[in-house]
Amino acid sequence: MLEVVGLSKSYGTGASATHAVQCLEFAVEELEFVGIVGPSGAGKTTLLKCMAGLLAPTSGQTLLRGKPVTGPPPELAVVFQDYSRSLFAWMTVRRNVLLPLTNKPEIRDPARVADEALAAVGLKGFEEHYPWQLSGGMQQRVAIARALAYQPKVLLMDEPFASVDAQTRAELEDLVLRVREQFGVTIVLVTHDIDEAVYMSDRVVILSRPPSTVQEILPIDLPRPRDQVDTKALPEFASLRARIYEAIMQPAAAAGV
Amino acid sequence: MAARLNALPRTRSGSLLLGAVGIALALLLWQLAPALGLVDSDNLPGASAVLSELASLAGTDAFWSAVGSTLAGAGLGLAIAVVAGVALGVLMGSSTIAWHALRPTVEFLRPVPGVALIPVAILVFGPSMQSDVFLVAFGCVWVMLIQTLYGVRDVDEVALQTARSYGLTHAQRIRWVQLPSSLPYIATGLRISSSIALIVAVTAELVAGNAGLGKSISLAQSVGQTEEMYALIVAAGILGIAVHVVFGGLERRFLHWHQSQRAGGDR
């Protein structure tokens with residue numbers, strides 16, 4: 001579905017250049033949920049922007065169904081961390097969800113699609129509100145509904161729950177797992193939260209310290225549907241999170257070989 | 001007593017009351033200054049004489065036609081400045097080519113005081129409405145341009161990336177993201193240039209003799225109608241306040257979604 005092939009991104013040139021990510025290599029299968037974790041400053045967001053076609057990689061590329069990504073592809077949507085900046089304050093919730101559908105002629109009835117997406121995230125009745133009239137968690141739901149209404153094959157999420165409180169975060173995690181099945185999307189989630197990555201993912205890609213490479217790809221063989229209490233109480237959950245924690249904490253030199 | 005006085009500015013009616021008291025005191029001072037011989041009443045008639053003159057002027061067609069001419073000149077000039085300024089501002093704010101090509105010219109023309117062009121306007125248009133419109137447009141366009149430019153450049157990076165990630169074209173991003181998000185800047189530009197428009201229009205009428213309040217003021221002065229002159233000056237001031245109120249209302253109407261205008265809706 002989505003392949004990252006030898007992807008590198010450096011900022012600046014020559015001796016003063018900073019290498020954010022280097023020769024990244026991994027693939028995401030259709031309908032898979034892949035979490036990307038790494039120490040802070042590991043270039044997770046850089047990687048996501050390159051995958052989204054928002055940032056041109058220095059070398060290497062991303063392939064979406066075999067085609068190189070050179071600009072934002074119509075089969076792909078992004079949910080950003082900062083919902084208050086990503087949503088358009090001058091538009092109602094419904095207008096926010098409708099705007100991206102402007103260039104999607106294959107969506108015949110955008111109004112219905114928008115309302116269904118809003119209903120799926122539990123925001124029925126808030127269509128005519130403005131984003132700033134809603135709580136943080138509800139605003140991020142609007143952003144998720146907007147992404148779903150766009151009917152993407154791949155949904156990229158950049159730390160989507162980092163700005164909401166712990167309880168809302170758990171609710172939104174379960175919401176995303178639910179709508180993923182309903183809408184049939186492949187999801188790549190960038191997060192700094194190891195628990196979240198283990199709880200939600202089928203596989204977790206662990207990035208090393210910058211210049212970041214793929215340090216390890218860990219399959220998460222936990223049963224689905226996942227449950228905030230039961231899944232997190234499993235001994236496998238604890239051992240998986242411990243393993244990722246150690247991988248992220250150990251110095252890059254010792255990680256190789 | 002002191003505590004109750006300090007509490008006054010905190011309520012709307014209290015602050016209105018304080019404002020009314022201030023105006024009454026200013027009018028009283030104006031009334032007393034000539035009456036007590038502090039100033040020559042030939043140069044500055046008392047408030048009551050000027051205000052009653054204004055009341056009788058308000059019953060004449062000549063007065064309203066002067067007000068109409070001033071408003072038409074200022075309004076038309078402002079409209080041209082807004083259209084041209086916003087268009088140029090969007091162009092310069094969203095295209096690096098336009099920015100580099102136009103910036104030197106704009107930087108050269110911008111500091112030229114609008115009123116310095118009055119002789120040019122007289123030469124080209126004569127004492128006519130066109131010269132009013134031209135001078136007002138020139139006086140206002142730079143503020144509109146610069147404000148729009150800043151607004152377009154200040155658009156949130158995340159909002160813009162969101163729009164790009166959803167495949168919105170350059171023109172769609174300008175229409176749906178950059179223009180609305182720069183509205184607060186454009187509104188500030190409008191508020192500033194609406195005052196400039198009135199000042200330039202009245203000045204042009206005073207100097208160039210185009211029909212309007214400015215010309216009426218200079219006429220009244222030249223024939224020694226001091227009370228009428230002051231009444232017209234007061235009228236020009238009232239016009240300024242009215243313009244300010246109208247544009248403030250427009251700002252609230254169109255920027256209801258912006259932080260500065262939200263009435264406790266933020267959660």
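Letters go in sequence order (proteins before strands), and every chain restarts at 1.
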Asks: Is A52(A) close to chain B through its backbone or its side chain, or both, or neither, when contacts mean heavy atoms under 4.5 Å?
Replies: neither
Asks: Of all the heavy-atom pairs spanning Y150(A) and Y166(B), show the shortest one and how long it is.
Replies: OH-O, 3.3 Å
Asks: Please classify the contact between K49(A) and chain B as side chain, backbone, both or neither, with a heavy-atom cut-off of under 4.5 Å.
Replies: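 Side chain only.
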Asks: Which value, rounded to the nearest 0.5 Å, describes the distance between E157(B) atom CD and D82(A) atom CG?
Replies: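 It is 12.5 Å, given to the nearest 0.5 Å.
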Asks: Select one option (side chain, backbone, both, neither) describing which atoms of R95(A) are under 4.5 Å from chain B's heavy atoms.
Replies: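 For R95(A), side-chain heavy atoms alone lie under 4.5 Å from chain B.
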Asks: Is it the backbone or the side chain of L76(A) that comes under 4.5 Å from a heavy atom of chain B, or both, or neither?
Replies: backbone
Asks: Among S165(B), G167(B), A159(B), who wins on heavy-atom pairs under 4.5 Å with chain A?
Replies: S165(B)
Asks: Which atoms form the tightest heavy-atom contact between W176(B) and W90(A), and what is the distance?
Replies: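 Minimum heavy-atom contact is O-NE1, 2.8 Å.
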Asks: Drop me the distance from T162(B)'s OG1 to Y83(A)'s OH, to the nearest 0.5 angstrom.
Replies: 14.0 Å
Asks: What part of S86(A) lies closer than 4.5 angstrom to a heavy atom of chain B: side chain, backbone, both or neither?
Replies: both
Asks: What's the spacing between N103(A) CG and T169(B) OG1 if we round to 0.5 Å?
Replies: 6.0 Å
Asks: Please find the pair of heavy atoms, one from Q161(B) and one from L54(A), that lie closest to each other, and give the distance.
Replies: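 The pair with the smallest heavy-atom distance is O-CD2, 3.7 Å.
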Asks: Indicate yes or no for a side-chain donor-acceptor contact from W257(B) to the backbone of M91(A) under 3.5 Å, with no hydrogens or angles considered.
Replies: no
Asks: Please find the pair of heavy atoms, one from G53(A) and one from R164(B), that lie closest to each other, and give the distance.
Replies: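 Closest approach of G53(A) to R164(B): O-NH2, 3.8 Å.
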Asks: First locate atom CG of L87(A), then atom CG of D156(B), and finally report the distance between them rounded to the nearest 0.5 Å.
Replies: 11.0 Å
